[in-house]
Amino acid sequence: MTERVLLRLARLNKTLVFLTAAAVTFLGLLLPGIIGAAVLLIFAAGMAWLLATTWPATPPTARTPRVLILILVIAIAAYKAT
């Protein structure tokens with residue numbers, strides 16, 4: 001199943017994926033309190049799954065920024081939840 005999902009993701013338009021990710025992030029930032037935090041945490045869970053799945057194929061120079069962005073999204077979600 002994971003391979004099917006990754007193949008479908010690979011066929012998507014990269015610009016559309018970026019804009020959708022940006023929209024979900026901004027939605028999470030704009031929504032108040034726990035609702036925004038939940039949106040960001042669900043988004044972070046998807047990011048974490050994708051990062052873990054593609055880790056072997058990810059160049060070492062790209063791993064650190066991706067992990068830092070994931071940590072930043074989780075930290076913002078935690079801040080919004082309080």
Side-chain angles (χ1 to χ4, degrees):
M1 173 158 162
T2 300
E3 291 177 21
R4 284 192 337 212
V5 173
L6 291 176
L7 288 173
R8 290 185 84 187
L9 286 174
R11 288 193 306 249
L12 293 176
N13 182 341
K14 291 177 184 5
T15 304
L16 181 62
V17 171
F18 172 77
L19 292 175
T20 302
V24 170
T25 302
F26 288 128
L27 180 67
L29 292 173
L30 292 176
L31 287 172
I34 196 76
I35 298 170
V39 169
L40 289 173
L41 285 176
I42 291 169
F43 181 62
M47 286 174 49
W49 172 80
L50 190 59
L51 181 64
T53 305
T54 61
W55 189 265
T58 305
T61 56
R63 291 177 181 170
T64 303
R66 291 179 186 190
V67 171
L68 290 176
I69 291 170
L70 179 62
I71 291 170
L72 180 65
V73 170
I74 293 170
I76 292 170
Y79 176 76
K80 284 190 70 72
T82 58

When clusters are formed by joining ILVMFWY residues with side-chain heavy atoms under 4.5 Å apart, either directly or through shared neighbours, do [X] and [Y] land in the same one?
{"X": "Leu16", "Y": "Leu27", "value": "no"}
{"X": "Leu50", "Y": "Phe43", "value": "no"}
{"X": "Phe26", "Y": "Val17", "value": "no"}
{"X": "Leu12", "Y": "Leu6", "value": "yes"}

With [X] via side chain to side chain contact (heavy atoms under 4.5 Å, CB included) - residues at least two apart:
{"X": "Leu51", "answer": "Trp55, Arg66, Val67, Leu70"}
{"X": "Ile34", "answer": "Ala81"}
{"X": "Leu30", "answer": "none"}
{"X": "Thr15", "answer": "Asn13, Leu19"}

So, taking the atom named [atom1] in [X] and the one named [atom2] in [Y], what distance separates them when rounded to the nearest 0.5 Å?
{"X": "Thr64", "Y": "Ile69", "atom1": "OG1", "atom2": "CD1", "value": "11.0 Å"}
{"X": "Leu9", "Y": "Lys14", "atom1": "CG", "atom2": "NZ", "value": "10.0 Å"}
{"X": "Ile71", "Y": "Ile76", "atom1": "CD1", "atom2": "CD1", "value": "12.0 Å"}

Problem - Minimum heavy-atom distance between Val73 and Ala44, given as atom pair plus value - result: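 Between these two residues, the closest heavy atoms are CG1-CB, 3.9 Å.
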Practice task
Among Val39, Leu40, Leu41, find the one that has a side chain to side chain contact (heavy atoms under 4.5 Å, CB included) with Lys80.
Solution key: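 The single option meeting the side chain to side chain contact (heavy atoms under 4.5 Å, CB included) with Lys80 is Leu40.
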Exercise for the section: Step through the shown structure and confirm whether more than 12 heavy atoms of other residues, nucleotides or ligands are within 6.0 Å of CG on Leu72. Expected result: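 Above 12, so yes.
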